[in-house]
Peer 1: 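Sharing a structure below in structure tokens format, with a few things to ask.
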Amino acid sequence: MRPFVAGAVTGLSGAATSVAAASLLRLDSNPVLDVAAVVRDLTPGPVAELLIGVVQHLDKPLLVAGTALGLIALTGWAGVRAAHRPWQGYVVLAVLGAVGLAGVLHQKHPTPASFLPLIVGLATWLVLLPWLVGAAVRAETEVTGRRAFLTRTAGTFAASLVVTGLAGWWGQARSKAEEARRLLRLPVRTGAVPVGANLRVDGVEPWRTPNEDFYLINVELSIPTITPDDWSLRIHGMVDQPLVITYDQLARRQLTQEWITLCCVSNEVGGDLISNAFWSGVLVRDLLAEAGVKDGADAVKTTSQDGWTCGTPLSALTDVNRNAMLALAMNGKPLPLEHGFPVRMVVPGLYGYVSATKWLVDLEVTRFSDFSAYWTQNGWSPLGPVKTESRIDVPRSGQQVEAGKRRVGGSAWSQHTGIAKVEYQLDGKAWQSADLGTVPGNDTWVQWAGEVDLSGGDHVLVVRATDQSGYTQTAARADVVPDGATGWHTVHFSAR
Ligand SMILES: Nc1nc2c(c(=O)[nH]1)N[C@H]1C(S)=C(S)[C@@H](COP(=O)(O)O)O[C@H]1N2
Ligand SMILES: [Mo]
């Protein structure tokens, strides 16, 4: 009996961790549901009808319960076999794992991530089976073994209940926030991409980044899920009049809408941690003016709902020429959950780690000397102005292209300073001026394009930008730490 219990608890715990992993990864399905779907499809029609006839519309819970019972029976049996010969237990688990794999493959659109929960579940099984069955075997012969067995199985069972409960609660919180987001109507525009912003070189990243392709940086393992009704922002610190603002109050204010390119300080030269969107939000400087900033303050510390912090120079937020905003929408849609729903900060010209707080709930006017923030505690610079950079999207490194006249291109950026010129250089020859795309202001990236005449063989293409302050990128390479990478993006490719 004890080996059976050990096996069954192992089986249920693996199911629990795998369902929890699927929920954390925000997958639509999980291995248990997948296997239940396979069982459903394999159930002979008359049997299915009979079951549905008996239990009416309870087909999904019934299927899941049936799958769970099957899991208990078979993993219990794995426990019994393992008590006998350990390898026999693993064989049973391997077969069950294969059933799980079949279930995942049975999904309509499995992605690489769809397999992760299965791996998590299998790993749980591999760890727990010898541990619990070992205790079960010892309990047969040693008097003290019984208590150890009881604590291990009961403890494991309780832990998997907690894991399942947390995952379910989190999934529910998420769907509540998702639903609130879907029902939200904001008076915002989608923003029309300016004519001429896209230079139409095949393979260059589009000038507007669709929300689902926007780069993502989260230190949060599971993102905060806040409904607008539950959200409010506290503005306090060195102000005359502390404020608390609700979502409704914020959304009813005058909304500023602007194209802003956001980028990450961790972006390597040539990297893709940069995206461009049309943002709608409330100007931070208006809110700060209402609160009344006291003399002596030089920083604003913002905090996300789950405690991520960042420090932004006050001057960048009060600058009348720079539309730092509390953004509610991105490309005409309420912020996606992973991009900070319901409210985040966006500041043109600063790297995200010092300005772009997502799930923003607290804004404190303060002094840089009085606090440190999440990344500055980790050795990054307290100030994070974006550095002038440029990138080649076409051709890609290592690509082989046809010889002859080819279009090349990519993007360049120097948010809030603006790009004046982009040049490209083939095989160390003279720098050539690139065509530049049209942009609505100086807060976004700019596409560039040019033409090269390629002979057969290996080639090197280099790009450099000059910003509107007159600074031209140099070849000097800097690492991303502490305040952003520098250097020329260089692409090696060949033609034939
Ligand atoms: N709460 C919270 N806000 C955050 C972060 C984070 O990890 N947590 N990452 C920051 C960093 S480093 C960057 S570059 C941007 C990225 O924003 P995105 O994920 O919407 O592209 O958000 C910033 N805001
Ligand atoms: Mo970042």
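All ligand and atom numbering here is 1-based and tracks the order in the structure. On a predicted model such as this, the values are computed, not experimentally measured, just so you know. Worth knowing before you read on, the calculation uses all heavy atoms, side chains too, and leaves out hydrogens, waters and symmetry mates.
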Peer 1: Tell me the protein heavy atom at minimum distance from atom 8 (N) of ligand 1, and give that distance in Å.
Peer 2: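 I find the closest protein heavy atom is Glu220 OE1, 3.0 Å.
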Peer 1: Is the distance between the ring centroids of Trp125 and Trp131 under 6.0 Å?
Peer 2: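 Not under 6.0 Å, so no.
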Peer 1: Identify, by atom number and element, the atoms of ligand 1 in contact range of Cys264, meaning under 4.0 Å from any of its heavy atoms.
Peer 2: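 Once the distances to Cys264 are compared, the set is 14 (S).
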Peer 1: Does Trp359 reach ligand 1 with a nitrogen or oxygen that is under 3.5 Å from one of the ligand's nitrogen or oxygen atoms?
Peer 2: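 Among all N and O atoms of Trp359, none is under 3.5 Å from an N or O of ligand 1.
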Peer 1: Among all the protein's non-hydrogen atoms, which is closest to atom 21 (O) of ligand 1, and how far away is it?
Peer 2: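 Atom 21 (O) of ligand 1 sits closest to the protein heavy atom Tyr215 O, 2.6 Å.
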Peer 1: Looking only at protein heavy atoms, identify the closest one to atom 3 (N) of ligand 1 and say how far it is in Å.
Peer 2: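 Nearest protein contact, heavy atoms only, for atom 3 (N) of ligand 1 is Lys358 N, 3.1 Å.
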Peer 1: Ignoring hydrogens and geometry beyond distance, is a side-chain donor-acceptor pair present between Thr10 and Ser13 at under 3.5 Å?
Peer 2: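 There is no such pair (donor and acceptor under 3.5 Å, judged by atom type) between the side chains of Thr10 and Ser13.
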Peer 1: Using modelled atom types and a 3.5 Å cut-off, is there a donor and acceptor pairing between side-chain atoms of Ser355 and backbone atoms of Tyr351?
Peer 2: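 Answer holds: yes.
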Peer 1: Heavy atom to atom 13 (C) of ligand 1, shortest distance: which of Ser304, Gly352, Ala327 holds it?
Peer 2: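 Shortest heavy-atom distance from atom 13 (C) of ligand 1: Gly352.
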Peer 1: With no hydrogens and no angle check, is any side-chain donor or acceptor of Gln257 less than 3.5 Å from a backbone partner on Arg189?
Peer 2: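 Side chain of Gln257 to backbone of Arg189, a donor-acceptor pair under 3.5 Å: yes, one is there.
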Peer 1: Just which atoms of ligand 1 are under 4.0 Å from any heavy atom in Asn218?
Peer 2: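 Ligand 1 atoms under the 4.0 Å threshold to Asn218: 7 (O).
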Peer 1: How are the rings of Trp448 and Tyr424 set to each other: parallel, tilted or perpendicular (split at 30° and 60°)?
Peer 2: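 Correct class here is parallel.
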Peer 1: Hey, does the Lys NZ or Arg CZ of Arg344 hover above the aromatic six-ring of Trp359, less than 6.0 Å from the centre and inside 45° of the axis?
Peer 2: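 Output no; distance or angle outside limits.
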Peer 1: Among Ile223, Thr303, Thr209, Ile217, whose heavy atom sits nearest atom 9 (N) of ligand 1?
Peer 2: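 Heavy atom nearest to atom 9 (N) of ligand 1 belongs to Ile217.
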Peer 1: Between Trp207 and Phe278, does the ring centroid distance fall short of 6.0 Å?
Peer 2: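 Between Trp207 and Phe278, the centre distance exceeds or equals 6.0 Å.
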Peer 1: Name the closest protein heavy atom to atom 15 (C) of ligand 1, giving the residue it belongs to and the distance to 0.1 Å.
Peer 2: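 Here the nearest protein heavy atom works out to Arg344 NH2, 3.9 Å.
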Peer 1: So Glu258 and Arg322, salt bridge (charged side-chain N to carboxylate O under 4.0 Å, His left out) or not? Walk me through it.
Peer 2: CA-CA 11 Å; Glu258 204 205 328; Arg322 172 167 5 208; over 6 Å; no
Peer 1: Identify the protein heavy atom lying closest to atom 24 (N) of ligand 1, giving its residue, its atom name and the separation to 0.1 Å.
Peer 2: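 The protein heavy atom lying closest is Ala356 O, 3.0 Å.
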Peer 1: Of the side chain and backbone of Tyr374, name the one, both, or neither that has a heavy atom under 4.0 Å from an atom of ligand 1.
Peer 2: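 Answer for Tyr374: neither.
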Peer 1: Which of the atoms of ligand 1 are close to Leu216, meaning less than 4.0 Å from one of its heavy atoms?
Peer 2: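 Near Leu216, the atoms of ligand 1 are 19 (O).
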Peer 1: For ligand 1, which atoms, with element, lie under 4.0 Å from some heavy atom of Phe214?
Peer 2: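 Close to Phe214: 21 (O).
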Peer 1: One pair to check against side-chain hydrogen bond (donor to acceptor under 3.5 Å, both in side chains): Thr417 and Asp467. What are the steps and the verdict?
Peer 2: CA-CA 7 Å; Thr417 302; Asp467 65 30; 5.2 Å; no
Peer 1: Just to confirm my output: which protein heavy-atom neighbour is closest to atom 7 (O) of ligand 1, and how far is it?
Peer 2: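 Answer for atom 7 (O) of ligand 1: Val219 N, 2.8 Å.
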Peer 1: Is the shortest distance from a heavy atom of Glu338 to ligand 1 less than 4.0 Å?
Peer 2: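 No, Glu338 has no heavy atoms under 4.0 Å from ligand 1.
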Peer 1: Parallel, tilted or perpendicular: which fits the ring planes of Trp413 and Trp445, with parallel below 30° and perpendicular above 60°?
Peer 2: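 Plane angle between 30° and 60°, so tilted.
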Peer 1: Return a yes/no value for His339: is any of its N or O atoms, backbone included, closer than 3.5 angstrom to an N or O of ligand 1?
Peer 2: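 Checking ligand 1 against His339, an N or O pair does fall under 3.5 Å apart.
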